[in-house]
Each structure stands twice: as C-alpha cells, then as structure tokens.
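This chain uses plain numbering: 1 for the first residue, then up along the sequence. Read the numbers this way: they start at 1 and go in the same order the structure lists the ligands and their atoms. The model shown is predicted, which means the values in this text are computed figures rather than measured ones.
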Amino acid sequence: MTKKIAVLPGDGIGPEIVAEALKVLECLRTDFGLAVETEHAHIGGAAYDVHGTPFPAETLELCRASDSILLGAVGGPKWEGLDYSVRPERGLLGLRSELALFANLRPAILYPQLAAASTLRPEVVSNLDLMIVRELTGGIYFGQPRGRRINTQGEREGFNTLVYSESEIRRIAHTAFQIAQKRNKRLCSVDKANVLECTELWREVVVEVSAQYPEVELSHMYVDNAAMQLVRNPKQFDVMLTDNMFGDILSDCAAMLTGSIGMLPSASLNQDGKGMYEPIHGSAPDIAGKGIANPIATILSLAMLLRYSFDDAASAERVEKAVIKALDQNLRTADIHAEGAHKVGTAAMGDAIVAALRATTH
Ligand code: IPM
Ligand code: MG
C-alpha cells in the first residue's frame with residue numbers, strides 16, 4: 001500500500017534541506033520501488049505569511065491524514081516581533097501537541113570521518129553513539145498557567161509552569177527503557193530533583209518503571225552535571241532520558257560533540273508509532289537561501305522515518321550508507337569542512353548522496 005508523507009519545509013534553510021531529502025526519497029521510489037507519495041503544506045513563518053497563522057487547520061488535517069511527517073525548520077528574525085501566539089515556533093509546538101508526539105528521539109552519532117570536525121579531542125568523541133530521549137509534549141513548554149502580567153509592585157513579570165503528571169513520565173520512561181534494552185542497556189535519567197519537586201516526581205516514577213526492565217542499568221544525574229559530563233566524557237552515556245526543556249538544551253550540546261548540529265536527525269513519535277521527523281537544528285536564517293546548509297540531518301531524518309514509521313530498516317540503512325559514502329568521498333558542507341576536504345553546497349551534497357544510493361543497486 002502506498003504510504004503518504006506530509007512534507008512541511010517551513011522557514012529559513014528548511015526548504016533547501018527538505019528538497020535534498022526529497023531527491024533521496026524520489027530515488028528510493030524510482031530505483032527501489034518504495035511505494036510512497038508526498039503532499040506539501042505550510043508551517044511556521046511561511047504559513048503565517050500565507051494564512052495568518054503558523055499552524056493552519058489544513059496543515060494539521062494533512063498531517064493527521066498522512067502516515068508520517070517530514071519537517072524542515074521553523075522561525076526567523078522576520079517573525080520575531082509577532083505575538084507569541086502566532087510565532088513560527090507555535091506551529092511546531094502545536095503539531096507536537098495535537099498529534100501527541102511525546103517521544104522525541106535524538107541520536108548523536110559521531111561519524112569517524114568527522115572526528116576532526118568536533119571541537120572536542122578525537123579520543124573523547126571517537127565512536128560516540130548516544131541516544132537522547134526527550135519528553136516532547138509536556139513540562140514547562142506547555143504547563144499552565146503561563147504568561148506575562150504586572151505584579152503588585154507594578155513591575156512586569158513573566159511566568160511559566162513546570163508540571164508533569166505521573167502518566168506522562170511513565171510513558172516516556174517506558175520508551176526510554178525499551179530503547180535502552182535494544183542498545184547497551186544503560187539508561188541515565190536527567191533531572192533537577194535536588195531543587196524541583198516536579199523532577200523529584202520524575203525520578204520517583206522512573207525508578208518505579210525500572211522494575212519492569214531489570215536488565216537495564218538505571219542511573220540518575222542532575223542536569224547541570226549531565227551537561228558537564230556530556231562535554232567531559234560523553235561516551236559514558238548510552239541512553240539519556242530527559243524532560244522537555246532539559247532535552248532541548250542537552251541535545252544541542254550532544255549535537256556539537258558530533259562535529260556539527262547539521263548532522264543530527266530526530267524522530268517524534270506518538271503512542272502508535274506515528275511520527276514527525278526533523279533535523280534537530282533550526283532554520284539558520286543567517287545562511288538561508290545561500291545554498292550552503294548541510295542537508296544530512298534532514299536526509300538522516302528521512303532514514304529514521306523509513307525505520308520507525310514505515311518499518312523499512314532496509315531502506316533506512318541504504319540511505320545511511322549513502323550518507324557515509326558521500327562523507328567517504330571527502331565531500332563536506334561548510335559546517336563540517338576541514339582542511340583537505342572538498343567543500344560542497346547543499347544541492348551538491350544531496351546529489352552525491354543520491355548518486356551513492358543509486359550505486360547500491362549494482
Ligand atoms: C528543538 C527546537 C524547538 C524546541 C523550537 C524551535 C521550538 O529548539 O526542536 O529543539 O525548543 O523544542
Ligand atoms: Mg532545540
């Protein structure tokens with residue numbers, strides 16, 4: 001049966017990097033018989049410009065009707081002055097929330113070819129392969145009450161609420177344990193239980209859930225220490241489980257260990273495995289339209305889509321191998337460029353990956 005992907009390029013470099021992932025998808029269709037169709041919709045600032053909202057009803061409808069979603073990036077200075085309720089980011093957050101995409105998987109893998117691109121010493125990051133499991137539909141990102149007000153002293157005041165119910169913690173904990181079970185069976189849960197009641201509950205519930213996964217070794221770490229350990233000795237981690245905001249921060253940090261945030265894909269899954277796939281980086285307005293962005297994170301997001309939503313590990317591996325082949329050919333976009341390598345733009349990198357993919361038929 002033909003599967004459907006909703007394609008949401010978004011803002012900034014979003015359309016450029018998504019275009020390269022679509023070339024890869026087209027190759028899988030024509031050369032490998034993948035039965036897939038795509039339909040585009042607007043999200044973020046691009047949607048605001050056309051529909052007056054960053055999250056139009058037709059975009060949500062398309063996403064609901066599709067088997068999975070491929071997203072580029074949202075946001076940019078053009079929309080920064082807008083009211084919070086119509087900022088581009090609301091589109092992304094709305095989609096995560098409406099589709100209950102609570103489980104965000106952010107793998108950080110260092111490709112040996114890029115060891116020199118990391119700001120850390122090669123021996124600290126070589127063979128790095130860790131997975132951050134971030135809760136994505138709760139916590140301070142969505143907690144009520146929230147807003148701005150004038151306090152009794154007549155001062156402006158901003159406030160947000162960090163809140164998690166035990167069922168929210170439990171379901172993301174199960175996801176993390178199940179992933180750890182398939183990997184090296186070590187799970188580190190990150191919290192701030194020494195200060196925040198909410199994350200004290202987080203720790204308590206994670207410990208309860210751990211009883212069902214006796215073969216997984218569970219540890220706990222305060223988030224400040226976790227940030228430090230990530231740059232001190234990242235290879236001590238296998239799977240990290242975090243709440244929404246800590247996961248946002250730690251995953252950017254983990255990304256940089258691998259040389260460039262332009263390399264890291266992500267999957268956001270709901271209870272039924274329906275997913276949205278996007279690079280973890282943002283819309284990079286400073287380089288938008290220049291044709292120099294790295295499309296690899298988006299292409300690897302497509303690989304995750306094939307693996308998790310289409311249950312097609314063979315196609316996913318093909319794409320991942322094609323990416324490695326392009327790196328082996330010493331091709332590098334500006335963000336991962338090092339002396340002696342061949343610098344290429346967005347489209348040339350995409351083309352090289354497609355060529356490598358095509359070559360695997362023979
Ligand atoms: C991410 C991004 C988003 C987030 C923004 C764009 C809303 O930083 O996916 O990590 O904070 O979750
Ligand atoms: Mg982020």
Side-chain angles (χ1 to χ4, degrees), residues 8-15 17-18 42-48 53-55 59 63 69-80 82-108 130-143 146 160-162 164 168 172 190 223 226-227 230 240-258 260-270 275-288 293-294 297-298 300-301 304-305 335:
L8 314 179
D11 310 323
I13 59 170
I17 52 180
V18 165
H42 290 302
I43 189 131
Y48 177 81
T53 162
F55 189 32
T59 298
C63 291
I69 302 149
L70 183 67
L71 186 137
V74 298
K78 183 176 173 195
W79 304 281
E80 261 162 27
L82 292 176
D83 185 78
Y84 242 77
S85 60
V86 287
R87 289 258 188 100
E89 290 76 10
R90 301 314 301 174
L92 181 57
L93 296 171
L95 198 54
R96 289 172 179 173
S97 174
E98 285 293 331
L99 298 181
L101 304 168
F102 69 92
N104 186 214
L105 315 185
R106 299 189 160 189
L130 76 88
M131 173 73 95
I132 294 186
V133 178
R134 170 188 177 194
E135 201 291 328
L136 203 61
T137 53
I140 201 164
Y141 270 53
F142 294 95
R146 63 188 294 158
N160 289 88
T161 303
L162 173 59
Y164 271 110
E168 283 178 304
I172 192 69
V190 176
V223 63
L230 261 181
M240 295 177 98
L241 166 63
T242 78
D243 80 358
N244 204 343
M245 186 161 71
F246 297 161
D248 179 45
I249 298 164
L250 294 178
S251 61
D252 267 30
C253 179
M256 210 44 226
L257 303 175
T258 70
S260 168
I261 195 165
M263 294 295 296
L264 292 204
S266 78
S268 307
L269 307 174
N270 72 8
M276 172 168 72
Y277 301 83
E278 54 172 327
I280 84 151
H281 61 71
S283 60
D286 52 322
I287 58 164
N294 186 349
T298 316
L300 292 174
S301 297
M304 287 188 94
L305 182 158
D335 56 313

**Student:** Could you go through the side-chain contact (heavy atoms from CB on, under 4.5 Å) check for Arg134 and Leu241 one step at a time?
**Tutor:** CA-CA 6 Å; Arg134 170 188 177 194; Leu241 166 63; over 6 Å; no
**Student:** Picking from Asp11, Leu92, Leu95, what satisfies side chain to side chain contact (heavy atoms under 4.5 Å, CB included) with Ile43?
**Tutor:** Leu95
**Student:** How far is atom 7 (C) of ligand 1 from the closest protein heavy atom, and which atom is that?
**Tutor:** Glu89 CG, 3.8 Å
**Student:** In terms of residue, atom name and distance, what is the protein heavy atom nearest to atom 10 (O) of ligand 1?
**Tutor:** Asp248 OD1, 2.8 Å
**Student:** Any donor-acceptor pair under 3.5 Å linking the side-chain atoms of Glu135 with those of Tyr164?
**Tutor:** yes
**Student:** Which option, His281, Arg106, Glu278, owns the non-hydrogen atom nearest atom 1 (C) of ligand 1?
**Tutor:** Arg106
**Student:** Examine Asp248 and say whether one of its N/O/S atoms is closer to the Mg ion (ligand 2) than 2.8 Å.
**Tutor:** yes
**Student:** Heavy-atom distance under 4.5 Å between the side chains of Tyr141 and Met245, does that happen here?
**Tutor:** yes
**Student:** Looking at atom 4 (C) of ligand 1, what's its closest protein heavy atom, distance included?
**Tutor:** Tyr141 OH, 3.5 Å
**Student:** Considering only heavy atoms of Arg134, which atoms of ligand 1 have at least one such atom less than 4.0 Å away?
**Tutor:** 1 (C), 4 (C), 9 (O), 10 (O), 11 (O), 12 (O)
**Student:** For Phe55, does its backbone N or O pair with a side-chain atom of Thr59 as donor and acceptor, under 3.5 Å?
**Tutor:** no
